[in-house]
S.K.: 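Dropping a structure here in structure tokens format, bear with me for questions.
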Amino acid sequence: MDSHARREVIRTVTAPIEIEGCPGLRARVCPEPALVWEALETAEGTRLGPPFWAHAWPGGVALAQWVTLHPELVRGKRVLDFASGGGVSAIASIRAGALSVLATELDVWARAAILENAHLNGVEETLSVTGDDVTSRDD
């Protein structure tokens with residue numbers, strides 16, 4: 001299954017919410033992760049790990065709120081959002097004026113969710129997403 005097909009499934013099983021403390025920043029989430037998990041396994045035809053990206057994690061939300069309140073922290077800088085989940089922090093960084101943002105995520109479904117959330121927020125063209133393990137890279 002390719003990223004486009006995964007994004008279609010994500011749009012079907014989630015709904016956009018506004019991220020508290022980040023005016024205008026929205027993310028697709030599901031109030032009942034078990035329903036998303038089942039839908040993803042059905043779509044893939046195999047067992048999968050939990051869809052952690054289908055929830056706005058408090059740590060990611062707090063970081064997005066902090067960047068929203070203090071855009072000077074990222075403005076004009078290169079940002080790496082490590083283990084990005086649904087991409088909330090990455091999207092907040094773009095909106096705060098980061099020069100570039102690379103969202104890293106090993107989970108293929110999370111990468112599709114990041115792209116879908118970037119599209120939802122109009123930043124799909126400026127956010128880079130990778131599934132590479134960046135822990136051994138020098139750049």
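Quick note: residue numbers are just sequence positions, from 1.
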S.K.: Tell me whether His119 at atom NE2 has more than 12 heavy atoms from other residues, nucleotides or ligands lying less than 6.0 Å away.
M.R.: no
S.K.: Look only at the side chain of Asn121 and the backbone of Val123, and say whether a donor-acceptor pair between them is shorter than 3.5 Å.
M.R.: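 Side chain of Asn121 to backbone of Val123, a donor-acceptor pair under 3.5 Å: no, none is there.
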S.K.: With hydrophobic residues grouped by side-chain heavy-atom distances under 4.5 Å, do Ile17 and Ile114 end up in a single group?
M.R.: yes
S.K.: Hey, does the side chain of Trp37 reach the backbone of Leu48 with a donor-acceptor pair shorter than 3.5 angstrom?
M.R.: yes
S.K.: If hydrophobic clusters are built from ILVMFWY residues whose side chains come within less than 4.5 Å, do Val29 and Ile10 share one?
M.R.: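 As far as the 4.5 Å side-chain criterion goes, Ile10 and Val29 are not connected within one cluster.
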S.K.: Under 4.5 Å between side-chain heavy atoms, counting indirect links through other Ile/Leu/Val/Met/Phe/Trp/Tyr residues: same cluster for Leu102 and Leu99 or not?
M.R.: no
S.K.: Closest approach of Val13 and Ala39, non-hydrogen atoms and distance?
M.R.: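 Looks like CG1-CB, 3.5 Å.
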S.K.: Show the nearest heavy-atom pair for residues Ser93 and Val101, with the distance to one decimal.
M.R.: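 Minimum heavy-atom contact is CB-CG2, 3.9 Å.
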S.K.: When you compare the side chains of Trp53 and Glu105, does any donor N or O come within less than 3.5 Å of an acceptor on the partner?
M.R.: no
S.K.: Could you tell me the separation between the OG1 atom of Thr130 and the CZ atom of Arg137, rounded to the nearest 0.5 Å?
M.R.: 6.5 Å
S.K.: Could you report the tightest heavy-atom contact between Ile91 and Ala118, atom names first, then the distance?
M.R.: CD1-N, 3.7 Å
S.K.: Is it the case that over 12 heavy atoms from other parts of the model lie below 6.0 angstrom from the CZ atom of Arg11?
M.R.: yes
S.K.: Within a strict 4.5 Å, meaning less than it, do heavy atoms of the Asp81 and Ser89 side chains meet?
M.R.: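 A side-chain contact exists here, since the closest heavy-atom pair is under 4.5 Å.
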S.K.: Does Arg6 reach the main-chain N or O of Met1 with its side chain, forming a donor-acceptor pair under 3.5 Å?
M.R.: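 Looks like yes, one N/O pair under 3.5 Å.
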S.K.: Measuring from Ser84:OG to Leu127:CG, what's the distance to the nearest 0.5 Å?
M.R.: 7.0 Å
S.K.: Quick one: closest heavy-atom pair of Thr68 and Gly21, and the distance?
M.R.: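 Of all heavy-atom pairs spanning Thr68 and Gly21, the closest is CG2-O, 3.9 Å.
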S.K.: Is Leu120 linked to Val129 within one hydrophobic cluster, defined over Ile, Leu, Val, Met, Phe, Trp and Tyr using a side-chain heavy-atom separation of less than 4.5 Å?
M.R.: no
S.K.: How far apart are the closest heavy atoms of Arg111 and Gly131, and which atoms are they?
M.R.: NH1-CA, 3.3 Å
S.K.: CD of Glu18: more than 12 outside heavy atoms within 6.0 angstrom?
M.R.: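 For Glu18, atom CD is crowded (more than 12 foreign heavy atoms under 6.0 Å).
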S.K.: In Å and rounded to the nearest 0.5 Å, what is the CG to SG distance from Leu35 to Cys30?
M.R.: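 The SG atom of Cys30 is 5.5 Å from CG of Leu35, to the nearest 0.5 Å.
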S.K.: So for atom CD, which belongs to Glu8, do other residues, nucleotides or ligands contribute more than 12 heavy atoms lying within a distance under 6.0 Å?
M.R.: yes
S.K.: Mind telling me whether Trp66 and His70 have parallel, tilted or perpendicular rings, with 30° and 60° as the class edges?
M.R.: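 Answer is tilted, since the angle falls between 30° and 60°.
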S.K.: Count I, L, V, M, F, W, Y as connected when their side-chain heavy atoms are under 4.5 Å apart, and connections chain through other members. Are Leu115 and Val36 then in the same cluster?
M.R.: no
S.K.: Is the shortest distance from a Lys or Arg side-chain nitrogen in Arg7 or Glu116 to a carboxylate oxygen in the other one below 4.0 Å?
M.R.: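 Salt bridge present between Arg7 and Glu116.
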S.K.: Does the Trp57 side chain pair with the main chain of Phe52, one donor and one acceptor, at a distance under 3.5 Å?
M.R.: yes
S.K.: Contact between Val9 and Leu40 at the side-chain level, heavy atoms closer than 4.5 Å - yes or no?
M.R.: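 With C-beta onward as the side chain, the pair touches.
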S.K.: Can you give me the closest heavy-atom contact between Pro50 and Asp107, atom names plus distance?
M.R.: O-OD2, 4.3 Å
S.K.: Are Glu72 and Arg75 close enough for a salt bridge, meaning some N to O gap below 4.0 Å?
M.R.: no
S.K.: Under the 3.5 angstrom rule, does the side chain of Asn117 hit a backbone N or O of Arg28 as a donor-acceptor pair?
M.R.: yes
